[in-house]
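Quick caveat, the model's predicted, so the values are computed rather than measured.
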Amino acid sequence: MDIDFGTVIYIVLGIIYFIFQSNSKNKKKRQQQERYEEKEPTQNTTQRRPTFEELLEEFTGQKNVKPEPVPQPVIESPKAQYEDKPHRSTYEIAKEKTAQRKKEAEAEAARIRSKFDDHLEPYEIEEQVDSENDYADMFADLDSAKKAFVASEIFNRKFN
């Protein structure tokens, strides 16, 4: 069996590569576990997420974002809740929430459209000029008709 030196080098380099890859994966797993253990289990998930515009303002330094205080829920007695509110079905509640979300989405879309309309104004589509008038102007005098004939002969050659 004839094994040359170049093949042995490639095999050794491949083995070393796989050893380093397995070590780096183990390090990544340990780091992820440490991060997971460091996180507090009592994080408050009721805070709202910042919008893209708020994040952009924060990163560019235009505005300092102050964390909003989380309102404390008011605890009422269960009897007072049932007495004040009439009984509504789940369908009615869902319908009201859907209508409210739709209004919020439309307001957000209108706000974004109005904000970016100013930026897109220079890129509006220009109306096309009537090409028939251009041809009429071209053939208005004899000199431009000659130029048009020469141009047509140049563009429509019989022999390429």
Problem set entry | Close side-chain approach of E104 to Q100, heavy-atom, < 4.5 Å | yes
Q: Kindly determine whether E108 and R111 satisfy salt bridge (Lys or Arg N to Asp or Glu O under 4.0 Å), including the steps that lead there.
A: CA-CA 5 Å; E108 181 72 14; R111 185 185 65 81; 2.6 Å; yes
CG of D143 to NZ of K146, rounded to nearest 0.5 Å, is 6.5 Å
Rounded to the nearest 0.5 Å, the CZ atom of R49 sits from the CD atom of E54 at a distance of 13.5 Å
In this structure, NZ of K29 is separated from OG of S24 (nearest 0.5 Å) by 10.5 Å
One should read off an interatomic distance between I93 CD1 and K95 NZ, to the nearest 0.5 angstrom, of 13.5 Å
Taken to the nearest 0.5 Å, the spacing of K25 NZ from F20 CZ works out to 15.0 Å
Value for CD1 (I16) from CD1 (I11), rounded to nearest 0.5 Å, stands at 12.5 Å
